[in-house]
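Comments concern the structure below.
FYI, the numbering just counts along the sequence from 1.
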Amino acid sequence: MNLILASNNTHKLQEFREVLAGTDICVISQREAGLDLDVDECGATFAENAWLKAAAVTERTGLCAVADDSGLVVDALNGAPGIYSARYGGSHGESDEYRYTLLLKNMQGKENRAARFVCAICCTFPDGQILRAEGVCEGSILCAPRGSGGFGYDPVFEVAGTGKSMAELGPEKNMISHRARALLQFVEELRKIHAFE
């Protein structure tokens with residue numbers, strides 16, 4: 001089964017492919033599908049933004065599309081950066097280091113470091129069918145970055161129960177991350193409506 005990933009994020013594409021390896025689901029990028037699309041993520045939730053992206057690709061191509069919208073939710077910052085994680089403190093053009101450095105600055109003096117990564121996945125089908133899944137990874141915000149793997153806020157997020165930042169996890173990230181959890185739920189839901197290995 002072929003799915004177009006409604007994203008231009010190469011890191012997300014790699015994670016989708018790694019988690020779905022061993023299934024009959026083949027994920028191709030928008031570029032591989034001949035699309036140059038940048039959807040306005042104007043939804044109020046991760047789930048709404050995931051649907052906006054997937055629906056736009058299905059409408060444009062007439063093919064199945066899958067999208068995720070994910071981000072970091074920090075309790076001490078009233079849920080920020082939340083749905084604005086990819087453009088925290090500016091635009092999509094800012095670097096990951098810029099965003100997590102800003103986050104650390106905004107967390108100075110905060111005793112409550114609790115946070116979670118959230119991932120909402122939406123798959124849209126040409127017949128109008130919609131499939132949704134969500135994954136959450138609990139943890140806390142570190143006081144300084146650790147690790148060189150991953151992307152985004154991974155270096156400043158310690159995964160609950162591991163003693164490691166998301167950037168220090170290596171391959172095990174694809175078993176416990178918010179995106180991995182959402183993808184595994186997505187695969188189970190997809191198996192209920194489509195026959196594949």
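In this structure the side chain of Asn106 never reaches within 4.5 angstrom of the side chain of Leu103, judged on heavy atoms. Residues Phe186 and Val66 meet the side-chain proximity criterion, which asks for heavy atoms closer than 4.5 Å. With a 4.5 Å cut-off on side-chain heavy atoms, Ile83 and Glu41 do not count as touching. By the 4.5 Å heavy-atom criterion applied to side chains, Pro81 and Arg99 are not counted as neighbours. When side chains are defined from C-beta on, Leu20 counts as touching Val27, because their heavy atoms get closer than 4.5 Å. Inter-residue side-chain proximity for Val74 and Leu72 is flagged as met; some heavy-atom pair is nearer than 4.5 Å. Using a 4.5 Å heavy-atom cutoff, the side chains of Ile176 and Arg181 are in contact. Taking 4.5 Å as the limit, some side-chain heavy atom of Tyr100 sits within range of a side-chain heavy atom of Pro145.
In this structure, the side chain of Glu188 does not engage the main chain of Gln185 through any donor-acceptor pair within 3.5 Å. No donor-acceptor pair closer than 3.5 Å links the side chain of Ser165 to the backbone N or O of Val156. Asn174 contributes no side-chain N or O that, together with a main-chain N or O of Val19, makes up a donor-acceptor pair within less than 3.5 Å. Side chain of Arg179 to backbone of Glu15: no donor-acceptor contact under 3.5 angstrom is found. The backbone N or O of Ala55 sits nowhere less than 3.5 Å from a side-chain atom of Thr58 that would complete a donor-acceptor pair. A donor-acceptor pair under 3.5 Å links the side-chain atoms of Lys53 to the main chain of Asp68, judged by distance alone. For Asp96 (side chain) and Gly152 (main-chain N/O), a donor-acceptor pair under 3.5 Å exists by modelled atom type. When atom types are taken as modelled, the side chain of Tyr153 and the backbone of Ser85 share a donor-acceptor pair closer than 3.5 angstrom. The closest donor-acceptor contact from the side chain of Asp154 to the backbone of Phe151 lies under 3.5 Å. In this structure, Thr124 contributes its side chain and Ala54 its backbone to a donor-acceptor pair below 3.5 Å.
Follow the hydrophobic side-chain contacts under 4.5 Å out from Met175 and you reach Val159 in the same cluster. Clustering ILVMFWY residues whenever any of their side-chain heavy atoms sit less than 4.5 angstrom apart, transitively, puts Phe46 in a cluster other than the one holding Tyr88. Side-chain heavy atoms closer than 4.5 Å link hydrophobic residues (I, L, V, M, F, W, Y) into clusters, and following such links, even through other members, never connects Leu35 to Leu3. Under the 4.5 Å side-chain heavy-atom criterion for grouping Ile, Leu, Val, Met, Phe, Trp and Tyr, Val39 is connected to Val57 within one hydrophobic cluster. Hydrophobic clustering (ILVMFWY, side-chain heavy atoms < 4.5 Å, transitive): Tyr84 and Leu77 are in distinct clusters.
Taking all atoms of both residues into account, the shortest heavy-atom contact from Pro155 to Gly147 is CB-O, 4.3 Å. Here the closest non-hydrogen pair linking Thr45 and Asp69 is O-OD2, 4.4 Å. In this structure, Ser70 and Cys119 approach most closely via the heavy-atom pair CB-CA, 3.8 Å. Of all the heavy atoms in Ala33 and Ile4, the pair that sits closest is CB-CD1, 3.8 Å.
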List the atom pairs, with distances to 0.1 Å, where a side-chain N or O of residues 125-143 and a protein N or O form a donor-acceptor pair under 3.5 Å, not counting sequence neighbours.
from	atom 1	to	atom 2	distance (Å)
Asp127	OD1	Gln129	N	2.9
Glu138	OE1	Arg116	NE	3.0
Glu138	OE2	Arg116	NE	3.1

Original post:
Between Lys164 and Glu158, is a side-chain contact (heavy atoms from CB on, under 4.5 Å) present by the stated rule, with each step listed?
Top reply: CA-CA 5 Å; Lys164 296 179 180 179; Glu158 182 173 286; 5.9 Å; no
Original post:
Under the salt bridge (charged side-chain N to carboxylate O under 4.0 Å, His left out) criterion, do Glu168 and Arg146 qualify, and how do the steps go?
Top reply: CA-CA 7 Å; Glu168 294 174 308; Arg146 292 196 330 235; 3.3 Å; yes
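Arg113 CZ: more than 12 foreign heavy atoms inside a 6.0 Å radius. Within a 6.0 Å radius of CD in Glu18, other residues, nucleotides and ligands contribute more than 12 heavy atoms.
Between Asn112 atom CG and Met107 atom CE the span is 7.0 Å, to the nearest 0.5 Å. Note that CG of Leu13 and CG of Leu5 are 5.5 Å apart. Values are rounded to the nearest 0.5 Å. Here SG of Cys26 is found 5.0 Å from CG of Asn2. Values are rounded to the nearest 0.5 Å. Separating the CD atom in Glu32 from the CD1 atom in Ile28 is a distance of 6.0 Å, to the nearest 0.5 Å. Between Ile121 atom CD1 and His178 atom NE2 the span is 9.5 Å, to the nearest 0.5 Å. In this structure, CD on Gln30 lies 8.0 Å from CG on Asp38, to the nearest 0.5 angstrom.
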